[in-house]
Protein chains: 2
Amino acid sequence: MPREPHAPAEPRAPRADAQRNRDHLLAAAATLVTEQGTQASLRDVARRAGVGLGTLYRHFPTREDLLEALLGRRFEHLAARADTLAATEPAERALTDWLHEFTLDAGAYHGLPATLMATLSDPESALHALCLRMRQAGGRLLAAAQQEGVIRPDVTALDLFALANALSWITDQAPTLAERRDHLFRLVLDGLRPRP
Amino acid sequence: MPREPHAPAEPRAPRADAQRNRDHLLAAAATLVTEQGTQASLRDVARRAGVGLGTLYRHFPTREDLLEALLGRRFEHLAARADTLAATEPAERALTDWLHEFTLDAGAYHGLPATLMATLSDPESALHALCLRMRQAGGRLLAAAQQEGVIRPDVTALDLFALANALSWITDQAPTLAERRDHLFRLVLDGLRPRP
DNA sequence: GATTAACCGGAGCAGTGCTCCGATTGTCAA
DNA sequence: TTGACAATCGGAGCACTGCTCCGGTTAATC
């Protein structure tokens with residue numbers, strides 16, 4: 001198929017070496033961020049990927065861009081999961097199950113809860129859109145639960161996002177409390193129920 | 001009074017210049033930490049105090065030591081306040097009021113909630129003892145409230161500490177949510193009440 | 001006023017994030 | 001096949017960080 005001269009310039013596919021480097025960077029980032037958290041040294045990531053520092057910054061201008069690439073699939077899946085749960089579970093169960101899964105994902109890497117929370121104040125962050133979709137997904141489940149009267153009406157999707165992140169943050173910050181994790185989760189969730 | 005040769009060596013008072021430098025360092029730290037948070041550059045602190053970097057590290061070997069000195073009085077006061085409230089208010093009121101004040105103090109500096117939370121896993125930290133006293137003060141109020149049956153019995157002082165810090169962390173991390181602060185506080189607190 | 005232990009300051013090291021630009025290389029037309 | 005060129009690369013370099021170490025200074029004491 002010949003290229004169309006006046007067409008809106010279909011972006012040419014990236015060069016093979018560029019694609020290869022990008023893949024190597026993502027693989028290196030995945031292991032290092034898993035081991036050391038979201039604050040892992042970018043120099044180390046480049047080194048492990050067998051690539052110069054400039055190459056890393058060209059592919060991922062900010063740390064958030066790199067994290068976004070790392071978290072993309074995981075969070076896509078989580079958003080889809082919200083709809084699945086909404087279709088197959090009672091509203092309350094759907095909400096609590098999804099929130100539970102969200103707290104697990106939000107705590108996937110050390111330092112991630114803080115990074116996610118910070119995007120609230122920074123619309124420029126590459127993670128902002130990702131977090132927005134999470135809030136919307138959670139918001140739908142929340143609305144359904146509120147419709148049924150099992151969750152207080154004065155709880156917003158933002159409240160939910162903040163509290164879920166805060167729960168992830170607790171165990172992220174103090175591994176000692178890992179065993180209290182589910183207990184704290186239940187305590188906070190109980191606070192969202194209407195008082196009879 | 002002549003000094004006693006064999007006595008357990010009463011620690012000699014610090015040299016005047018040392019005391020002066022210490023004061024300057026604390027003043028500089030107070031302003032810089034207020035402006036920039038617990039991660040303020042220690043070089044800047046020393047510079048502002050008109051003192052060498054070595055001097056800072058001699059007086060405060062770790063960042064936590066510096067913060068401990070900065071927070072000492074404030075937290076002493078908070079611990080005392082717990083007893084005052086216990087003596088003058090009904091148990092539930094005493095607990096919620098104190099927790100509210102705690103969340104304010106824990107959020108006094110940007111980054112402080114995270115620093116406080118981290119001491120749970122680090123008994124060597126200079127802040128560890130300070131946090132322990134906070135947990136004990138809160139624990140006394142908690143026990144009284146549980147005695148009266150207004151707080152669930154499966155809530156521990158550690159749970160309380162973690163949740164209060166998490167609440168402080170939310171507004172610390174996302175200033176946007178400052179207006180939801182009291183609302184979130186009430187939500188979480190409601191979760192601690194026994195369900196009828 | 002002399003002695004000395006306590007104290008001081010900052011040079012120096014290893015690490016960080018990020019930029020910038022000369023060298024290299026994949027790709028596509030001739 | 002062979003250019004030519006744009007896309008891509010890699011790391012030197014800058015400004016910053018935490019922290020150590022040690023020769024010089026000074027306050028307190030005899």
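Letters A, B, ... mirror the listed sequences (proteins, then strands); counts begin at 1.
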Q) How long is the line joining CZ of R47(A) and C1' of dG11(D), in whole Å? A) 12 Å
Q) Just checking A49(A): base, sugar-phosphate only, or nothing, at a heavy-atom cut-off of under 4.0 Å? A) nothing
Q. How are the rings of W169(A) and W169(B) set to each other: parallel, tilted or perpendicular (split at 30° and 60°)?
A. parallel
Q: Kindly give the heavy-atom pair with the smallest separation between L53(A) and L42(A), and that separation in Å.
A: CD1-O, 4.0 Å
Q. Is the shortest heavy-atom distance from the side chain of H100(B) to the side chain of D182(B) under 4.5 Å?
A. yes
Q.
So, OP1 or OP2 of dG15(C): does either fall under 4.0 Å of a side-chain N or O from S41(A)?
A. no
Q. Hey, does the side chain of R43(A) come within less than 4.0 Å of dG15(C)'s phosphate (OP1/OP2), counting only N and O?
A. no
Q: Could you check how far CG of L66(A) sits from P of dC18(C), rounded to whole Å?
A: 11 Å
**Q.** Atom-pair distance (CD on Q39(A); P on dT17(D)), nearest Å
**A.** 16 Å
Q | Whole-Å gap separating C1' (dG18(D)) and CD (Q36(B)) | A | 15 Å
Q | Integer-rounded Å distance: dT25(D) C1' and R20(B) CZ | A | 13 Å
Q) Roughly, in whole Å, what's the span from CG in L42(B) to C1' in dG15(C)? A) 15 Å
Q.
Any donor-acceptor pair under 3.5 Å linking the side-chain atoms of S168(B) with those of N165(B)?
A. no
Polar atoms only, N or O, under 3.5 Å: list the protein pairs with nucleotides 8-10 of chain D and their distances.
residue : atom : partner : partner atom : Å
dC9(D)  : OP1  : N21(A)  : ND2          : 2.3
dC9(D)  : OP2  : R58(A)  : NH1          : 2.8
dC9(D)  : OP2  : H59(A)  : NE2          : 3.3
dG10(D) : OP2  : G52(A)  : N            : 3.2
dG10(D) : OP2  : T55(A)  : OG1          : 3.0

Q. Should the ring pair F102(A) and F161(A) be called parallel, tilted or perpendicular, given that the plane angle runs from 0 to 90° and is split at 30 and 60?
A. tilted
(Q) Just so I know, are the side chains of F60(A) and L67(A) near enough to count as touching, which here means a heavy-atom distance under 4.5 Å? (A) no
Q: Please figure out whether A40(B) or A16(B) has its closest DNA chain D nucleotide nearer the 5' end.
A: A40(B)
Q | Interatomic distance where CD belongs to E64(B) and P belongs to dG18(D) [whole Å] | A | 12 Å
(Q) Rounding to an integer number of Å, can you tell me how far L56(A) CG sits from dG17(C) P? (A) 10 Å
Q) Tell me, do R193(A) and E92(A) make a side-chain contact under 4.5 Å, heavy atoms counted? A) yes
